[in-house]
Structures are given as structure tokens and as C-alpha cells.
Visitor: 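There's a structure below that I have some questions on.
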Amino acid sequence: MMDNSNSKTIVWFRRDLRIEDNPALATAARDGSVFPVFIWCPKEEGQFYPGRVSRWWLKQSLIHLDQSLRSLGAELVLIKADTTLDALLECIAAVKATKVVFNHLYDPISVVRDHSIKQKLGELGYSVQSYNAELLNEPWEVYDDDGKAYTRFDAYWEKCLNQNKEPVSHLPPWRLIAAAGSVKKFSIEELGLENEAEKSSNALLGRGWTPGWSNADKALTEFIEHHLLDYSKSRIKVGGNSTSLLSPYLHFGELSVRKVFHSVHMKRILWAREGNSTGEESANLFLRAIGLRDYSRYICFNFPFTHEQSLLTNLKYFPWNADQARFKAWRQGRTGYPLVDAGMRELWATGWVHNKIRVIVSSFFVKFLLLPWQWGMKYFWDTLLDADLESDILGWQYISGSLPDGHELERLDSPEIQGFNFDSEGEYVRHWLPELARVPTEWIHHPWDAPSTVLKAAGVELGLNYPKPIIDVDVARERLTEAIFIMRGTESAATARNSNGAGEVVFDNSDCNASLAIPKAIPKEKAPPCPSSSSHDQKVPSIRNGAMTKKRPKPEEEERPVKDGIRCQKNEGVTSKMDDELCSTAESSSMKKQNTATSSHSFSVPEAISITSSVKSFEDNESYDIKLQRLKDCEIDETSSKIGAFGGRE
Ligand SMILES: Cc1cc2nc3c(=O)[nH]c(=O)nc-3n(C[C@H](O)[C@H](O)[C@H](O)COP(=O)(O)OP(=O)(O)OC[C@H]3O[C@@H](n4cnc5c(N)ncnc54)[C@H](O)[C@@H]3O)c2cc1C
């Protein structure tokens, strides 16, 4: 109901591109006239400027939202600016608005920017109100009995489920009154989300994906009605539409997570009553997956340094091998391991891969190639359609031994065995690696072991039209063991120097990151008071823990042969349990973390990464120099607590 008051509100859209259950929009519409605006400030995105496919999605979604808003009575004003604050001030002046509303974001860049904007607008006397449109629980609402942040997913999720908090949904406005006023508007093309040269290739994405909030709604209904029941079984299949494919919609806020949770929860209750255990298990596992998304925000918010440092301190001392040739081979899908290569080709071609494949290619990156996980995280950020900083961070931390309930650092799964487990017929590999299409299933995941007559008949010449393995499994294991040995030695030395205990520690090492372009999240205690605060207000991070087929191919990058690998032998000692990481990064093994400590290595994300974002003007911003040397100066906080397990089954 509109109260016909004279209130004029700027509704600042970001990654909440929907009409339904949008608290900022609903509140503004109730209060009077609205001025919906989307402000594009590439400079503020810094090194996390979105990649090409992600920007394509954003563009389509903005067009869709604008159409919806227009049909309700108010257009979406698009503005390209150097700073969001200036653009907001311009809008306020143009419409003589008294209030600005928006929905919360939790990534390290947005948290800092939003806090500063709120503070400045408040100082200028404007009312600013922000809301939760993105999560089931705000990250500052879920703490353990000692008031500390959880560091294990199972404990966190159990607490969430037991909070007995009814998620509040907001009815969509049935009509909008547009606030009159004129600002310099930009067309969708002028925002520059898509280069002219990219358009024809991007158009292919549209064959498999239809961005936009009402399409998100249809995708959810389709999934719940037809696929949710089998989710517990089908989610381990790496090819086809075995999971919901909702991640890009959720990332851009085209779908209310509360609605997703509620709809699946209702199904769960129904199936439980009917004694349908498969359905009940499927619904529980899907809700867990949704919980992981919340958890990714939770970790980033409570441990704001995690976008560049591992949650546990051990990896700080890991002797990374910053080898650009290996990095390139991985990106191009030229490692000689068919399952890894197929995953990387699919990622490049379509911008999307199954969670299982994300785990396999990222684990290979860290454990076989010893490449710094931050490089891989940035490459995923640049190439994924659903690129989502917090989920990306959680995923890479999970596989790299950085979480107490993630994979152990010493765990090394053979892609060959994983191939037989997750692509037993070899169809996924055949689809993405046509050069191996005629290799019999028996050899498809380890062509290097195949008799030469078999390879010849299949038209494969290793080292010529498909690479030899970039590294032998046994050699990789030796090198990983050696690296962990060095890591522990240096950590012990550092611990001895600090003579202050040892063990897994979580601490806020954000002070060590001053040289990075990403702004630091401001711990709550240090933040100046925000003038217009209320119970809805977004908090800023506080340190609580003591311290702190749907896709279509695209032409590949220029291929360059990688150096010959050593002939790989099948290793019987490698175990890869079928149940492991059945769907999500939260499924993990028991924790056997080791004490660790110091060697400093500096590395930076190579140029090739920024090329994928194809925005020339930001290549400078993307240097991403991470100088671990500076970490030498950081003290290890031994008072920090040990973090807990993602749990779930192996
Ligand atoms: C190294 C690595 C990087 C990743 N990067 C991203 C990323 O940039 N963006 C992204 O959305 N997901 C990321 N994930 C998580 C996961 O792979 C995807 O969310 C999932 O594959 C999306 O497919 P879906 O929507 O069909 O998932 P479903 O299985 O249908 O799950 C439903 C939703 O739950 C959420 N979800 C499921 N698993 C996870 C998880 N492990 N972490 C966080 N949320 C989860 C997603 O929002 C997903 O859409 C990453 C995982 C790894 C291992």
C-alpha cells in the first residue's frame, strides 16, 4: 500500500536485480516515489573487475530488470561514473531525494565502499537505509556460545537451522511512482559491459542461459518440480544438468535465497511426511548447498583477509612454484590429464563447470602444479559466468588445505582415478577433448598407459596432438610432500622465533595486505560510527575469534605445446572415495591438520589473466602483486582458535 507521502527515494541496485522479495525496492515503493538507479564504476572494482562472461550476464540482467521496472512505472537509470558516491549525490540533487536505500553486499570491496558511502551521505544529512536481500542469515547474526565466529561449516549450519528464525519475505510492489528529475543517463551499451568484438561470441551464451529475474524464477520451479528429487544421486554426475544451475541467478540476486530455501524446505516436509527418503535427502543436501553460499559470505565477513590469505596460517609458508608455463598449460587444458583438460576447456568455452570439476581442476592446480591458489581463484573469477568472490574464495580455500574442515593439504587425488569415478564412460572427456574421442574407455583417462597400437588406431600421438602428462603422479606426490616439509620447517622456525605456541591458527593478517589494491575491510571496533544506523544496518567486519548443457563452445586460446612430462604410472596407493565432495565444497574429509610455518615467496598473477577480462583500461589495475615477503613482518597470533570441520560425508 502506498501512503502517498512525498518521500522520494533513490533505490540503488547492485547485485539484487529482481523485483520480488527485494526489501530496498519494496520499502521505497511503500514510502512514496522512487528513482531506481544502477551505477557502474569500473574503477571501484579494482582487480576484481568482472570477467567477460560475467559482464555479459550483468548486461542482459539489467535490460530485463529495466523492462520489469518500466512496466511497473519507473525506469532503471543507468549511470557510468568514477565514483559511486558522486553518482548518488547527483541523483539525490536531481530528484531532491531525502533517502537512499540499497541491499547489502558482503565482498571485501563492497563492504568498505558501502560503509564509507553510508557514512558520507549520513554526514550530509541524508537518510540511508540498507537491507538483507542476499542471505538467510546476516554474517553478524550467527556466533557460537562464546560469541566467536564459526570456522567449521557443520557447526555453523546446525546453528543456522536451529535459530528458529522465520525468514521474512517482501511482497513485490504492484506499481511504482517514478520520482521526477533528470541526470545524465547512459544507455546499456554506453556502460561498456561488452566490447563490440565480444558480441558475436557472447551471443552464443544466450543459447544456453537466459539471465533475468523472471527466468530465474522459472529455472527454480523447473528444478524443484523435475530435478530436486534426484539431486542426491545426480549431483555427482559431471556432465549434463545434474545440479540446479542456479548459481549465476543467485550471484546477481535475480533469485531470492529466502524463496529458494522456503520452496525446497516445503518439498522436504512433504517428502518426509510421505516417507520419501530419497526426496528428503535430496532436499537436505540442496539446502546445505544453499547454506554454503551463506557460509562463503560469513567467512569473508568475519575473516576479511581471506580473499588473499588462507584462513589457516599454514599456507603462508608454502613454497609456491610461480611457474607461468604451467599456469598457461592449465588454463589451456594442456596438462595431459584428460579430466583436468576437459574441465578447463569447458570452463573457457562456456563459463561454467560442475562443482566436482571445479574441485578437480583446482586441486590439480595446487597439489600437482604447486601454483599459488590465489592465481587460480583470480582465473576463475575472470572466466566463470557465476563468478562470485566469496564462493570462489571458499572453494579455493577448501581445496588448498586452508580450511580446517576442507581437504587436507597432503591429500592428492589422481585425476586418472577421479576420471573413472566421475566420468566412467569417458563421455565428458570425449565431448571436450575431441582429439581423444576415439580412445577406448579403458584408456581414456590415462592415455599414456595405452599400448601404442591402441593410440595409433585412435589417431592420438602423445606430445603431438595431445600432450604427455605435465607431471607424473608419483613425482607430483614427492614434490608436494617436499613442499609441505619445507612449509612445516619454516613454520616451526617462525614459531620458535615467536616462542609462542603452534598449531592451526586463524588470525587477522589483513594489516599485512596494505600494498594490495583491494581495500581493507574495517574491523567494527575501528570503524567510525555511522550516522544513520538502525537494526537493519549492515555491519562491518569485526574480528571475533580472538584475533582474526547449457553451454556452447568458443574458440580456444592459441595453443602452445607444454613441456613433455614424465611417463605417469598408475598408482594404486592413491585413494579417491566416491562419496568424497559429492556435491559441494562442504563435503570433506576428517581433519588432520598439521602445524606449520615460514618461507616467503613473492608472486603475482601473470598478465594472461587480465587478458581474459579484455578491458584494456584495467590491465594496470590487475597487477595483483602479492608479496608474501611482507608477511614476514606479521606476527602469528597463537591465541586464535582452531577452526572446525565442514563435516558431511566423505
Ligand atoms: C574452486 C571453486 C571455485 C568456486 N567458485 C564459485 C563461484 O565463483 N561462484 C559460485 O557461485 N560458486 C562457486 N563454487 C561453488 C560451486 O561449485 C557452485 O556454486 C556450483 O557448482 C554451482 O552450480 P549449481 O548452481 O548447479 O549448484 P547446486 O549444486 O545446484 O547448488 C545450489 C546453489 O548452492 C550454492 N552452492 C553450492 N555449492 C556451493 C559451494 N561449494 N560454495 C558456495 N555456494 C555453493 C550455489 O549458490 C548454487 O547455485 C566454487 C567451487 C569451487 C570448488
Side-chain angles (χ1 to χ4, degrees), residues 236-240 242 325-326 328-350 353-354 356-357 359-361 363-365 367-369 412-479 549 551 553 555-578 580:
I236 59 168
K237 292 184 200 141
V238 296
S242 56
R326 285 181 167 204
K328 186 170 184 183
W330 178 79
R331 291 197 315 270
Q332 293 183 335
R334 306 282 303 161
T335 68
Y337 284 88
L339 192 60
V340 173
D341 293 342
M344 293 309 293
R345 306 256 185 111
E346 183 186 16
L347 172 61
W348 178 246
T350 70
V353 281
H354 188 284
K356 185 79 224 168
I357 297 293
V359 171
I360 290 169
V361 300
S363 300
F364 186 86
F365 186 89
K367 311 282 180 76
F368 277 67
L369 304 180
L412 188 134
D413 293 327
S414 156
E416 172 191 338
I417 294 171
Q418 286 171 317
F420 285 118
N421 285 340
F422 300 108
D423 180 34
S424 52
E425 299 302 314
E427 287 314 308
Y428 180 73
V429 164
R430 286 196 183 88
H431 182 81
W432 291 107
L433 302 179
E435 62 266 47
L436 298 184
R438 287 191 285 133
V439 174
T441 304
E442 188 188 354
W443 308 107
I444 190 107
H445 293 294
H446 58 131
W448 54 85
D449 284 332
S452 55
T453 48
V454 170
L455 286 183
K456 204 169 176 194
V460 175
E461 198 169 336
L462 293 183
L464 199 67
N465 60 356
Y466 186 70
K468 295 177 183 172
I470 191 167
I471 185 170
D472 177 90
V473 175
D474 290 337
V475 174
R477 184 173 294 105
E478 265 169 39
R479 290 192 185 158
T549 329
K551 311 128 222 163
E556 286 166 20
E557 281 181 68
E558 174 213 346
E559 288 184 2
R560 197 187 96 181
V562 295
K563 65 175 183 181
D564 286 354
I566 305 161
R567 186 178 161 78
C568 182
Q569 289 158 12
K570 196 164 176 172
N571 190 310
E572 302 300 338
V574 175
T575 55
S576 174
K577 298 176 193 161
M578 238 337 241
D580 195 14

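In what follows, residues are counted from 1 in the order of the sequence shown. Both backbone and side-chain heavy atoms feed into the values below; hydrogens, waters and symmetry mates do not.
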Visitor: So which atom in Ile444 and which in Gly426 form the shortest heavy-atom distance, rounded to 0.1 Å?
Guide: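 Scanning both residues, the minimum pair turns out to be CG2-CA, 3.9 Å.
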Visitor: May I ask you to test the Arg331-Trp348 pair for a side-chain heavy-atom distance under 4.5 Å?
Guide: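 Answer no - side chains too far apart.
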Visitor: Once the angle between the rings of Trp448 and His446 is folded into 0 to 90°, is it parallel (under 30°), tilted (30 to 60°) or perpendicular (over 60°)?
Guide: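 Correct class here is perpendicular.
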Visitor: If you take all heavy atoms of Lys468 and Leu462, which pair is closest and at what distance?
Guide: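 What the structure gives for the nearest pair is CE-O, 3.7 Å.
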Visitor: Considering non-hydrogen atoms only, spot the tightest contact between Trp432 and Arg345 and give its length.
Guide: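 Smallest heavy-atom distance, with atoms named: O-NH1, 3.9 Å.
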Visitor: Would you mind writing out the side-chain donor-acceptor pairs for residues 451-459 within the sub-3.5 Å range, not counting sequence neighbours?
Guide:
none

Visitor: State, to 0.1 Å, how close Val353 and Tyr428 come at their nearest heavy-atom pair, and which atoms those are.
Guide: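 Smallest interatomic distance, heavy atoms only, reads CG1-OH, 4.1 Å.
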Visitor: Donor-acceptor pair, distance only, cut-off 3.5 Å: does the side chain of Trp330 make one with the backbone of Val361?
Guide: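 Flag set: sc Trp330 to bb Val361 pair under 3.5 Å.
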Visitor: Do Leu339 and Ile360 have side chains that get closer than 4.5 Å, going by heavy atoms?
Guide: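 Sidechains of Ile360 and Leu339: in contact.
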Visitor: Side-chain contact test, heavy atoms from C-beta onward, threshold under 4.5 Å: evaluate it for Lys367 versus Arg479 and give yes or no.
Guide: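 Sidechains of Arg479 and Lys367: no contact.
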Visitor: In the structure I gave you, are the side-chain heavy atoms of Thr335 and Phe368 within less than 4.5 Å of one another anywhere?
Guide: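 Side chain of Thr335 against side chain of Phe368, heavy atoms only: no contact under 4.5 Å found.
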Visitor: Restricting to pairs with a member in residues 457-466, which pass side-chain hydrogen bond (donor to acceptor under 3.5 Å, both in side chains), not counting sequence neighbours?
Guide: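 Qualifying pairs, neighbours excluded: Asp341-Tyr466.
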Visitor: For a quick test of reading the model, state the closest non-hydrogen atom pair linking His445 to Phe420 and the distance between them.
Guide: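 In terms of heavy atoms, the two residues are closest at CD2-N, 3.7 Å.
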Visitor: With side chains defined as the heavy atoms from C-beta onward, is the minimum distance between Asp413 and Phe364 less than 4.5 Å?
Guide: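 Not touching, per the 4.5 Å side-chain cut-off.
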Visitor: Out of curiosity, Gln418 CD to Lys356 NZ, how far, rounded to the nearest 0.5 Å?
Guide: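 Answer rounded to 0.5 Å: 6.0 Å.
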Visitor: May I ask you to test the Ile236-Asn421 pair for a side-chain heavy-atom distance under 4.5 Å?
Guide: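 Side chain of Ile236 against side chain of Asn421, heavy atoms only: no contact under 4.5 Å found.
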Visitor: Who passes salt bridge (Lys or Arg N to Asp or Glu O under 4.0 Å) against Glu427, sequence neighbours left out?
Guide: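 So Glu427 forms a salt bridge (Lys or Arg N to Asp or Glu O under 4.0 Å) with Arg430.
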Visitor: Measuring from Met344:CE to Arg334:CZ, what's the distance to the nearest 0.5 Å?
Guide: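 Atom-to-atom, Met344:CE and Arg334:CZ are 13.5 Å apart.
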Visitor: Let me confirm one number: the CG-CD distance from Asp449 to Glu442, rounded to the nearest 0.5 Å.
Guide: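 Asp449 CG to Glu442 CD: 10.0 Å, rounded to 0.5 Å.
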Visitor: Closer than 3.5 angstrom, by distance alone: can the side chain of Tyr337 be matched with the main-chain N or O of Ile471 as a donor-acceptor pair?
Guide: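 Here the side-chain-to-backbone pair exists.
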